[in-house]
Asks: 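Dropping a structure here in structure tokens format, bear with me for questions.
What you see below is based on every heavy atom in this structure, not just the backbone, and it leaves out hydrogens, waters and symmetry mates. Keep in mind that this is a model prediction, so the values were computed, not measured.
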Amino acid sequence: CWLCKEECPFYKDEKIHDMGQCVQCKAFNIVGLLIVDNRNPQHKVDESNLAFLETFANQAGMALHNASLVEDLSREVTFRERTFKSLPNGVMVLDERGLIRSINPSLLDILQISNADVTGIPFEAVRLVNDEEKFHAIVNLVLKEGKNYEGIGETWTLTLPGRTLKLNIKVNPLPGTGLRHGAVILFEDITDVTALQEQLFQSEKLATLGQVAAGIAHEVNNPLAGVSGFLQVMSSRLPEDSPERSAMQAALKDINRASGTIRDLLKFARLGPAQKKPVQINDVVEESLTFIQFQKEHAGIKVVRYFDEKLTNVICDPDQMRMVLTNLVLNAVQAMGREGTLTVTTVSQNGYARIFLEDTGPGIPSENIPSIFEPWFTTKQAKGTGLGLTNSDRIVSDHDGILALSSVEGQGTTFIVDLPLDQSDW
């Protein structure tokens, strides 16, 4: 080799090199070999022939090299596009004018929109979060100053039809022209993670509450029993029309209400593991409705039943589930008062037995709905402890089920209980 000589790894003293090995040479950017043969040995190759061949080889080499670069670039672009499209998090790319240049499929799924609807329009025209004014100010600051927005410790909310998303958002600048920058906006959907964290926090809070409740109940119950007994004895010694007797009876009512609260606390604290077995849920629902006929103050309430007779068994603790359904029925009739209609429906859906309890009461104000399963939250004033729905939600969750509600103020409330069906019946 005229350049590498003995340094060539394929160099051999005794014979001419194999030219095919030169393609592997690191010293040259070889894209191919031009091999020329003279078919007529009487005609020698002169300088003009060599000059033409060198010019042709150089031009052909440049063309092949450029084609190789284009092919490499095409592969790189394809790789980047596939990577962009396969990212699990949402990505939006803006130019220095704030126009949307590209958006990946994950973000399209999050926003429930089409790529054709947003490409080339200002990012402000697309609803990306609920607090649009604050978000627009952050993105425009990145476009103007070229500084990152990391969004550490800040969660954004986006409300879409039928769901509310929790998002982590980051905004990074891209090189632009002049004093402006482009931007890449990263959206991470943390809705499920947030829900799991809240569920864990709720479980820990309920466990602590149960321990505290048990201690309080034991400390308060005995003194209350003593006071109640004393008041009953003293009341019995007073004349029927005595003002003091009326006052004592009022005090006894308050003590009984306090005792009821303590019973709820103990029930909440002592809720043991479920004794699950195959149960016909229609029977449990029917048993939960029987007490209404003995409630004189709710005699005007009509109960309508739509039971799926083909509903297979549910694996549950019948006593615990009866307690849940009775509590929901009691809430419904108390909300309706003396008149109304309670519609109870059971159906089979996607491997679950679904129970609907729909009342025609006043409904729940929208601002109260997020707190409805919280401990101590009640709308019954002095008549409720705020533990019934918390306990019910806890029991249903322990059965791998879901307790949910739908309510329209002025129209009524529907509680929905989902319980897994017994798969051995399938």
Side-chain angles (χ1 to χ4, degrees), residues 84 87-174 181-202 205 363-374 377 379 393 402-411 413-414 416:
F84 180 71
L87 288 173
N89 293 336
V91 182
M92 177 180 286
V93 180
L94 308 180
D95 64 15
E96 61 269 21
R97 296 171 296 171
L99 302 181
I100 299 173
R101 305 314 307 173
S102 57
I103 182 170
N104 74 335
S106 294
L107 186 55
L108 294 174
D109 289 341
I110 290 174
L111 301 178
Q112 297 179 339
I113 57 176
S114 167
N115 195 17
D117 296 335
V118 297
T119 302
I121 68 173
F123 78 93
E124 294 97 337
V126 182
R127 189 167 178 272
L128 301 171
V129 295
N130 288 350
D131 192 351
E132 293 184 285
E133 184 177 353
K134 180 180 177 181
F135 180 71
H136 293 167
I138 289 172
V139 176
N140 282 317
L141 190 64
V142 173
L143 293 172
K144 180 179 179 182
E145 298 186 359
K147 296 180 180 178
N148 291 337
Y149 166 72
E150 295 296 334
I152 297 175
E154 188 167 15
T155 301
W156 297 82
T157 303
L158 174 62
T159 302
L160 297 170
R163 59 178 180 152
T164 297
L165 304 180
K166 301 291 185 181
L167 303 171
N168 276 345
I169 296 178
K170 296 182 180 180
V171 188
N172 297 323
L174 289 174
H181 303 266
V184 176
I185 309 176
L186 305 176
F187 298 81
E188 182 184 8
D189 186 354
I190 58 170
T191 306
D192 293 339
V193 174
T194 302
L196 288 173
Q197 290 174 341
E198 290 177 353
Q199 186 177 0
L200 177 61
F201 174 73
Q202 184 75 358
K205 185 169 65 173
I364 301 171
S366 56
E367 63 270 17
N368 289 344
I369 290 178
S371 306
I372 207 72
F373 295 113
E374 290 288 326
F377 181 83
T379 59
D393 187 43
I402 300 171
L403 175 58
L405 70 92
S406 172
S407 185
V408 179
E409 197 168 358
Q411 297 182 23
T413 300
T414 301
I416 306 113

Asks: Answer yes or no: is there a side-chain heavy-atom contact under 4.5 Å between Arg127 and Leu158?
Replies: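 Yes, close enough: below the 4.5 Å cut-off.
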Asks: Nearest 0.5 angstrom please: Ile190 CD1 to Thr155 OG1, how far?
Replies: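 Rounded to the nearest 0.5 Å, the CD1-OG1 separation comes out at 4.0 Å.
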Asks: Would you give the length of the straight line joining atom CH2 of Trp156 to atom CG of Leu128, rounded to the nearest 0.5 angstrom?
Replies: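 CG of Leu128 is found 10.5 Å from CH2 of Trp156.
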Asks: In a check of side-chain contact (heavy atoms from CB on, under 4.5 Å) between Asn172 and each of Val142, Ile185, Leu186, which one passes?
Replies: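 Answer after filtering Val142, Ile185, Leu186: Leu186.
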Asks: Let's go through Glu124 and Asn140 carefully: what are the C-alpha distance in whole Å and the side-chain angles of both, what is the deciding distance for side-chain contact (heavy atoms from CB on, under 4.5 Å) to 0.1 Å, and is it a yes or a no?
Replies: CA-CA 10 Å; Glu124 294 97 337; Asn140 282 317; 3.6 Å; yes
Asks: Which atom pair, heavy atoms only, marks the closest approach of His181 to Pro173?
Replies: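 In this case the closest contact between His181 and Pro173 is CB-CB, 4.4 Å.
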Asks: Got Thr414 and Ser407 here, is their nearest side-chain heavy-atom distance under 4.5 Å?
Replies: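 The answer is no, as the side chains (C-beta and beyond) never meet within the 4.5 Å cut-off.
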Asks: To the nearest 0.5 angstrom, please state how far the CD1 atom of Ile152 sits from the CD atom of Glu150.
Replies: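 Going from CD1 on Ile152 over to CD on Glu150, the span is 5.5 Å.
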Asks: Between Arg101 and Leu94, does the side-chain contact (heavy atoms from CB on, under 4.5 Å) criterion hold? Intermediate values first, please.
Replies: CA-CA 5 Å; Arg101 305 314 307 173; Leu94 308 180; 5.9 Å; no
Asks: Once rounded to the nearest 0.5 Å, what's the spacing between atom CD1 of Ile100 and atom OG1 of Thr119?
Replies: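 These two atoms lie 7.0 Å from each other.
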Asks: Are the side chain of Asn168 and the backbone N or O of Glu188 linked by a donor-acceptor pair below 3.5 Å?
Replies: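 No, Asn168 side chain to Glu188 backbone: no donor-acceptor pair under 3.5 Å.
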Asks: Rounded at 0.5 Å granularity, tell me how far CD1 in Ile364 sits from CG in Leu405.
Replies: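 Going from CD1 on Ile364 over to CG on Leu405, the span is 5.0 Å.
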Asks: After noting the C-alpha distance and the side-chain angles of Leu111 and Phe187, does the key distance pass the side-chain contact (heavy atoms from CB on, under 4.5 Å) rule?
Replies: CA-CA 11 Å; Leu111 301 178; Phe187 298 81; 6.0 Å; no
Asks: Which label fits His136 and Phe123: parallel for a plane angle under 30°, tilted from 30 to 60°, or perpendicular past 60°?
Replies: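 Judged by the thresholds at 30° and 60°, the geometry between His136 and Phe123 is perpendicular.
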Asks: Please report the C-alpha distance between Thr159 and Asn130 in whole Å, then the side-chain angles of each, then the deciding distance to 0.1 Å, and finally whether the side chain to side chain donor-acceptor pair (under 3.5 Å) criterion is met.
Replies: CA-CA 7 Å; Thr159 302; Asn130 288 350; 3.0 Å; yes
Asks: Ignoring hydrogens, what is the shortest heavy-atom contact between Ala183 and Leu143? Give both atom names and the distance.
Replies: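 It is CB-CD2, 3.7 Å.
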Asks: Between the main-chain N or O of Thr191 and the side-chain N or O of Asp189, is there a donor-acceptor pair closer than 3.5 Å?
Replies: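 Looks like yes, one N/O pair under 3.5 Å.
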Asks: Quick one: pull up NZ in Lys170 and CG in Asn89 and give me the separation to the nearest 0.5 Å.
Replies: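 Reported value, rounded in 0.5 Å steps: 9.5 Å.
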